[in-house]
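Since the structure comes first, as structure tokens, the remarks are kept for the end.
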Amino acid sequence: MTTVADATIDSEQARVNEAIDKLLADFPPATTDVVTFLGAQFDLGLAWVHFTEGDGGLALNPKHQRTINERIFEAGGPNPYYRNPIGYGMCGPTVEVWGSDDQKQRYLRPLFTGEEVWCQLFSEPGSGSDFAGLSGRGVRDGDEWIVNGQKVWTTLAHISRWGLLVFRTDPDVPKHAGLTAWVVDMKAPGVEVRPLRQMTGEAEFNEVYFTDVRIPDAERLGDPGAGWRVSLTTLMNERVSIGGAIAPKGSGAIGAAVKVWQDTPVELRDPAMKDELMKLWIEAEVNRLTNLRAGANRKMGTPGPEGSTGKLAFAESNKRIYEFTMNLMGANGMLYGKYDMVRPEHAMGADTMQKAFLRSRANSIEGGTSEVMRNILGERVLGLPGDVRVDKDIAWSTVPRN
Ligand SMILES: Cc1cc2nc3c(=O)[nH]c(=O)nc-3n(C[C@H](O)[C@H](O)[C@H](O)COP(=O)(O)OP(=O)(O)OC[C@H]3O[C@@H](n4cnc5c(N)ncnc54)[C@H](O)[C@@H]3O)c2cc1C
């Protein structure tokens, strides 16, 4: 029996298909440059299909995005995530929820086309998992805010035009209540970006120093003091963005591991290793199907704590797969090629197995560590007793710290 909900989804699907047909007919990916294609995708509401019309969406159920992406990638179209992962996966959705009409109009299109890269300025040297405990300061000065402090691990800050910044504007209330969020101009006077080298040899991320940087009040996202709620939108989208991608069956890390297995001479293929590969394949497929189900169940709006399941499973499984692959490669796994320090234009690049292995170690740290994901699952999904939090209800300025 067809329900009202099914009929709605069918009519939405028809609308989406029509828009994709138009996009691919008017802007064939093979002959259209990336920026023009992505601009047209945005204008047709196929950028983030659940966003409001005019903001790159059609105000439809987010599950249609999967069809859109699949059809565009099959036709050889570009992936907006590749050029601007933090912008597309996290900052865009945050601006859509919390930004003013002017901010949405100004920022979303060039963000989606990758003409303007974005970064996420949340973590500080003393506040990563405990991000709400951060100590960078923002002080109001008429129609502007003056901000001072240091951020760290800021992916792609060196090529970013805009950043999503959270600093403390009221130290005399509990930590979650005293934060404010803004869009910050990464070219403003007083913003200094310094590279931080990772074990891959690359400096994909950076330290960012703010010294008396002035931010217009019009660039605030949400009310003063609402920075924690704003950042939850970013963090929930981050987890889905990192762990929720639904690649075709047998592709991604597990596909690469199978390829290494196939390229390994038959006499070196140990049955115990084959067993291990099969277990990893099943694990990767279970994660993929779980993400598919979570995507299908997702209603409009910001993803919920289920995103942490996908993020946790992805991180741990990816690390196991690349460890297995290194073992399979034996001594070849130690051949790394050049180790020159470069500041890449893309994040999460892994052009060799060895580099993919080294890069995968960060999966259980970036976007929230696996321990923190387990806390979220325990508390918000399973309803277990909460972590011990002694500083939750007292003014941030009175919390002992070194
Ligand atoms: C490759 C990469 C890219 C990144 N990009 C960005 C970015 O673009 N922007 C940005 O703002 N940040 C970024 N980060 C930072 C990332 O979000 C933090 O590293 C992460 O949140 C952990 O914080 P921390 O490094 O301060 O570790 P800590 O919070 O100091 O954690 C140290 C250890 O303690 C554990 N721990 C902490 N609290 C708890 C708890 N309550 N219960 C159990 N265990 C706990 C952690 O799991 C970890 O093992 C990036 C990190 C990496 C690795």
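Below, each value reflects all heavy atoms present in this structure, side chains not excepted, and no hydrogens, waters or symmetry copies. Atoms within a ligand are numbered from 1 in the order they appear, just like the ligands themselves.
Interface atoms of ligand 1 facing T369, defined by a heavy-atom separation under 4.0 Å, are 22 (C), 46 (C), 47 (O). In the vicinity of F122, heavy-atom distances shorter than 4.0 Å reach the ligand 1 atoms 11 (O). Close contacts of ligand 1 with A362, meaning ligand atoms under 4.0 Å from a residue heavy atom, involve 1 (C), 53 (C).
Counting protein heavy atoms only, atom 20 (C) of ligand 1 is closest to I365 O, 3.5 Å. The nearest protein atom to atom 9 (N) of ligand 1, hydrogens excluded, is given as Q120 O, 2.7 Å; this is a heavy-atom distance. With hydrogens left out, the protein atom closest to atom 11 (O) of ligand 1 is S123 N, 2.8 Å, a heavy atom. Closest to atom 3 (C) of ligand 1, if we only count protein heavy atoms, is T155 OG1, 3.3 Å. If you check which protein heavy atom lies closest to atom 39 (C) of ligand 1, you get V372 CG2, 4.3 Å. At the shortest separation from atom 42 (N) of ligand 1 among protein heavy atoms lies N375 ND2, 3.1 Å.
Other residues, nucleotides and ligands contribute more than 12 heavy atoms inside 6.0 Å of the CD atom of E192.
Ion pairing between E70 and R66 holds under the 4.0 Å rule for side-chain N and carboxylate O. Between K355 and E204 there is no salt bridge, since no side-chain nitrogen of the basic residue lies less than 4.0 Å from a carboxylate oxygen of the acidic one. For the pair R288 and E285, the salt-bridge criterion is met [side-chain N within less than 4.0 Å of a carboxylate O]. Taking the charged nitrogens against the carboxylate oxygens, K259 and D263 do have a contact shorter than 4.0 Å, which makes a salt bridge. Checked for salt-bridge contact, R361 and E323 meet the test: a charged N lies under 4.0 Å from a carboxylate O.
Under the 4.0 Å distance rule, the nearest protein heavy atom to atom 25 (O) of ligand 1 falls inside the cut-off. Not a single protein heavy atom sits closer than 4.0 Å to atom 32 (C) of ligand 1. When distances from atom 50 (C) of ligand 1 to the protein are checked, a heavy atom turns up under 4.0 Å.
Legend: salt bridge (charged side-chain N to carboxylate O under 4.0 Å, His left out) pairs involving residues 98-111, not counting sequence neighbours, sorted by first then second residue: D43-R109, R106-E116. Within the structure, the salt bridge (charged side-chain N to carboxylate O under 4.0 Å, His left out) test picks out the following pairs touching residues 50-64 (sequence neighbours left out): R15-E53.
Ring-centre distance between Y88 and W48: below the 6.0 Å cut-off. Between Y107 and W118, a ring centre-to-centre spacing shorter than 6.0 Å is recorded.
The residue among A157, S231, G128, P85 with a heavy atom at the shortest distance from atom 23 (O) of ligand 1 is G128.
In this structure, K151 does not count as a contact residue of ligand 1, since none of its heavy atoms falls inside 4.0 Å of the ligand.
Geometrically, ligand 1 and W153 share a nitrogen or oxygen pair separated by less than 3.5 Å.
Within the cation-pi definition used here (under 6.0 Å to the ring centroid, within 45° of the axis), R401 qualifies as a partner of W396.
Here L156 has no heavy atoms under 4.0 Å from ligand 1, in either its backbone or its side chain. At a heavy-atom cutoff of 4.0 Å, ligand 1 is contacted by the side chain of R359 but not by its backbone.
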